[in-house]
Asks: 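Before we start, here is the structure in question, set down as structure tokens.
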Amino acid sequence: MYDLIVKNGTILNYNQDPVVADIAISKGKIDKIGSNLGEAKNQLDASGLTIIPGLIDSQVHFREPGLTHKEDLSSGSKAAVLGGICTFFEMPNTKPATITLEKIEEKIKLAKEKSHANFAFYIGASEDNLEELLKIESLDGCCGVKIFLGSSTGDLLLYKREILLDIFKNISVPIAVHSESEVRLNERINIRDNATSVHDHYLWRDAQSALESTKMIIEVAKEAGRKVHVLHISTKEEMDFLKDQKEHCTVEVTPQHLTLFAPDAYDSMGTLAQMNPPIRTKDHQEGLWQGLHNGTVDVIGSDHAPHTLQEKRVDYPNSPSGMPGVQTTLPLLLHHLEKGRIDLNKIIELMAINPAKIFSLNKGKIEEGFDGDLTILDLNENWLISNDAQASKAGWTPFYGMNIKGKPKATIVSGEIAMLNDTVFKPKGKTVKLYR
Ligand code: DOR
């Protein structure tokens, strides 16, 4: 007897024609796909619904430990499964920062109890923790190393070239970077200090700050003979540059940078639109869309960065950077799908196939033997994004009031129904296994 059969849904795999079939899952893995599969302990009727490989959000900030008034692993993972996300990778800028094996193991232990979605954590690099980084190389539940090349939320920062090179030469797991030049940010700090409004945020953290840092880190990757995963690219210049550097990098963009632009976002939302790297002008956004379609972009990550409305609504520059997003990433992509800017195949590529490849996971395809993670959608349902429906402790979304066609209806996490029709069930998320 199978654990779960999802019946009669339209299965859509990357670069394949849709097929209507049943999916049987046992012990967390897809066991059989076909019809008349037999008995199961649990059944889900997916008639009229579209089933895509379980989506992976490879960049979230869930704030536990230390800042759990903003988010914790329970609320963050609840938001994830409500948004059709089966797996998340969480960042190390918690309090204290996650920079040792011990701290990663603590997070894994907590997530095993509390997480509704499958999970892995990044370990942060500091100037002197190479020994700790080496300890996590084969640890299931650690997806890689995160480096803040420019300062953002929290106290993680590392931009000394010789230390970066040492890490790049000695570490084989994925290395993900927040790429803004700390030196240039400091040289121009007077722009921030004399700012009269949040519009000065993207003048201070300008396109050149991002480009200089990205060029530097690609040089380091080249010299070390390995790749770097460059997070949340925000400028057209970086996209143009990275297009010819694909041997040395993988590239992420966020739905925020693909959807919001300056000055309009700052005019209408003020400090709620503040994030690092910043929301920039429309020409940059167009460069990101081009990069997405010409193969430069590998993944979409939410950079879910929850802060409470109270914290966000203080005057710039004392307002924190970041917006929630794990629950709205897929809905926003469905909005862009309706507008003809992206198709479902590309969404599967950027949020299932490619993250699975980059991080060596047994995920990304609805095929026998793959992990039993499914994102189930009603592509025809019209609904409204609201603040009230957000499970994040932040309790708001920059996208409230948007009309969306297409809704995550069910999220299957390792063969368990984690979310069905906006109801979230008992946490059963598992550590992500790495196939390195
Ligand atoms: O805007 C941001 N917020 N960018 C980051 O890199 C960090 C994030 C956060 O953790 O708040």
Side-chain angles (χ1 to χ4, degrees), residues 2-37 40 43-58 80-81 83-88 117-118 250 292-293 295 297-301 329-331 333-334 336-338 340-381 406-420 432-433 435:
Y2 301 112
D3 292 337
L4 174 70
I5 293 184
V6 180
K7 281 184 100 75
N8 223 17
T10 303
I11 302 170
L12 195 60
N13 268 309
Y14 181 60
N15 278 350
Q16 288 181 22
D17 290 332
V19 279
V20 176
D22 300 346
I23 305 168
I25 305 178
S26 280
K27 298 198 178 76
K29 299 245 181 297
I30 297 172
D31 205 334
K32 205 117 211 116
I33 299 170
S35 52
N36 302 320
L37 297 180
Q43 284 208 2
L44 185 67
D45 181 10
S47 304
L49 302 178
T50 299
I51 308 181
I52 60 175
L55 298 187
I56 300 163
D57 185 346
S58 46
V81 296
I85 303 294
C86 296
T87 301
F88 65 84
N118 291 327
T250 49
L292 186 140
H293 287 300
V297 174
D298 297 282
V299 305
I300 286 180
T329 287
L330 175 57
L333 293 177
L334 295 172
H336 290 300
L337 180 142
E338 197 198 356
R341 298 183 192 117
I342 194 166
D343 60 25
L344 209 45
N345 197 49
K346 192 73 182 175
I347 296 175
I348 297 169
E349 179 188 335
L350 297 172
M351 295 203 69
I353 286 280
N354 286 349
K357 206 182 295 169
I358 295 166
F359 294 91
S360 309
L361 314 176
N362 185 40
K363 299 183 186 293
K365 291 182 188 170
I366 305 175
E367 275 176 22
E368 290 166 16
F370 277 77
D371 290 355
D373 297 347
L374 307 172
T375 297
I376 304 182
L377 305 169
D378 181 343
L379 289 175
N380 294 314
E381 184 169 332
K407 194 167 196 299
K409 298 299 283 183
T411 306
I412 310 297
V413 172
S414 301
E416 301 278 350
I417 302 173
M419 183 278 282
L420 180 62
V432 162
K433 276 215 176 313
Y435 290 78

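By convention here, the first residue in the shown sequence is residue 1. The basis for the numbers below is simple: all heavy atoms, side chains too, and nothing from hydrogens, waters or symmetry mates.
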Asks: Tell me, do E367 and Q16 make a side-chain contact under 4.5 Å, heavy atoms counted?
Replies: yes
Asks: Please round to the nearest 0.5 Å and tell me the distance separating atom CG of N13 and atom CZ of F370.
Replies: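 Going from the CG atom of N13 to the CZ atom of F370 covers 9.0 Å.
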Asks: By the definition side-chain contact (heavy atoms from CB on, under 4.5 Å), identify the one residue from T10, N8, I376, L44 that meets it with I51.
Replies: I376
Asks: Picking from L4, I52, V6, what satisfies side-chain contact (heavy atoms from CB on, under 4.5 Å) with L374?
Replies: V6
Asks: Can you give me the closest heavy-atom contact between D22 and S35, atom names plus distance?
Replies: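 Shortest heavy-atom contact: OD2-CA, 4.1 Å.
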Asks: Heavy atoms, side chains only, cut-off 4.5 Å: are M351 and L330 in contact?
Replies: no
Asks: Please check: side-chain N/O of N345 versus main-chain N/O of N15, any donor-acceptor pairing under 3.5 Å?
Replies: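 Side chain of N345 to backbone of N15, a donor-acceptor pair under 3.5 Å: yes, one is there.
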Asks: Determine whether I417 and I412 satisfy the following criterion, side-chain contact (heavy atoms from CB on, under 4.5 Å), listing intermediate values before the conclusion.
Replies: CA-CA 5 Å; I417 302 173; I412 310 297; 3.8 Å; yes
Asks: Taking side chain as C-beta onward, heavy atoms only, is I353 less than 4.5 Å from P53?
Replies: no
Asks: In chain order, what residues pass the side-chain hydrogen bond (donor to acceptor under 3.5 Å, both in side chains) check against D371, with sequence neighbours excluded?
Replies: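 Residues passing side-chain hydrogen bond (donor to acceptor under 3.5 Å, both in side chains) with D371: K29, N362, K363.
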Asks: How long is the straight-line distance from CD1 of I358 back to OG1 of T250, given to the nearest 0.5 Å?
Replies: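 So the gap between those two atoms works out to 4.0 Å.
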Asks: Indicate yes or no: does D45 engage K7 in a salt bridge with an N to O separation below 4.0 Å.
Replies: no
Asks: Strictly distance-based, threshold 3.5 Å: is any side-chain N or O of T375 a donor or acceptor partner for the main-chain N or O of G84?
Replies: yes
Asks: Could you tell me whether the side chain of V19 reaches within less than 4.5 Å of the side chain of I33, counting heavy atoms only?
Replies: no
Asks: For the side chain of N354 and the backbone of D298, is there at least one donor-acceptor N/O pair under 3.5 Å apart?
Replies: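 Indeed, once roles are kept as given, a pair shorter than 3.5 Å links the two residues.
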Asks: Check the surroundings of atom NZ in K407: do more than 12 heavy atoms from other residues, nucleotides or ligands lie under 6.0 Å from it?
Replies: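 More than 12 heavy atoms, drawn from other residues, nucleotides or ligands, come within 6.0 Å of this atom.
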Asks: Does K433 NZ have over 12 foreign heavy atoms under 6.0 Å away?
Replies: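 Counting other residues, nucleotides and ligands, NZ of K433 stays at 12 neighbours or fewer.
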Asks: Restricting to non-hydrogen atoms, name the atom on L55 and the atom on A352 that form the minimum distance, rounded to 0.1 Å.
Replies: CD2-CB, 4.3 Å
Asks: Evaluate L350 against L292 for side-chain contact (heavy atoms from CB on, under 4.5 Å), listing each step before the verdict.
Replies: CA-CA 9 Å; L350 297 172; L292 186 140; 3.8 Å; yes
Asks: In Å, rounded to the nearest 0.5 Å, how long is the span from CD1 of I5 to CG of L37?
Replies: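 Going from the CD1 atom of I5 to the CG atom of L37 covers 5.0 Å.
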Asks: Does K357 use its side chain to pair, donor to acceptor, with the backbone of G364 at less than 3.5 Å?
Replies: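 Not confirmed, K357 side chain does not pair with G364 backbone.
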Asks: Given side chains that start at C-beta, do those of D31 and D3 come closer than 4.5 Å, heavy atoms only?
Replies: no
Asks: Quick one: are I56 and V299 in side-chain contact, heavy atoms under 4.5 Å?
Replies: no
Asks: Can you name the nearest heavy-atom pair linking E349 to P355, along with the distance?
Replies: O-CD, 3.9 Å
Asks: Of all the heavy-atom pairs spanning G415 and I25, show the shortest one and how long it is.
Replies: CA-CG2, 3.5 Å
Asks: Y2 and S26: which non-hydrogen atoms are nearest, and at how many Å?
Replies: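 For Y2 and S26, the tightest heavy-atom pair comes out as CA-OG, 3.3 Å.
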Asks: Looking at every non-hydrogen atom in both residues, tell me the closest pair between C86 and A117 and how far apart they are.
Replies: O-CB, 3.4 Å
Asks: Decide yes or no for T50 and L344: does some side-chain heavy atom of the first lie under 4.5 Å from some side-chain heavy atom of the second?
Replies: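 In short, these two side chains touch, coming nearer than 4.5 Å.
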Asks: Check the pair D373, S414 against side-chain contact (heavy atoms from CB on, under 4.5 Å), reporting the backbone distance first and the verdict last.
Replies: CA-CA 5 Å; D373 297 347; S414 301; 3.8 Å; yes
Asks: Measure the NZ-CD1 distance between K32 and I30 for me, rounded to the nearest 0.5 Å.
Replies: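 Reported to 0.5 Å precision, the distance equals 12.5 Å.
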Asks: Atom CD1 in I23, atom CD in E368: separation rounded to 0.5 Å?
Replies: 10.5 Å
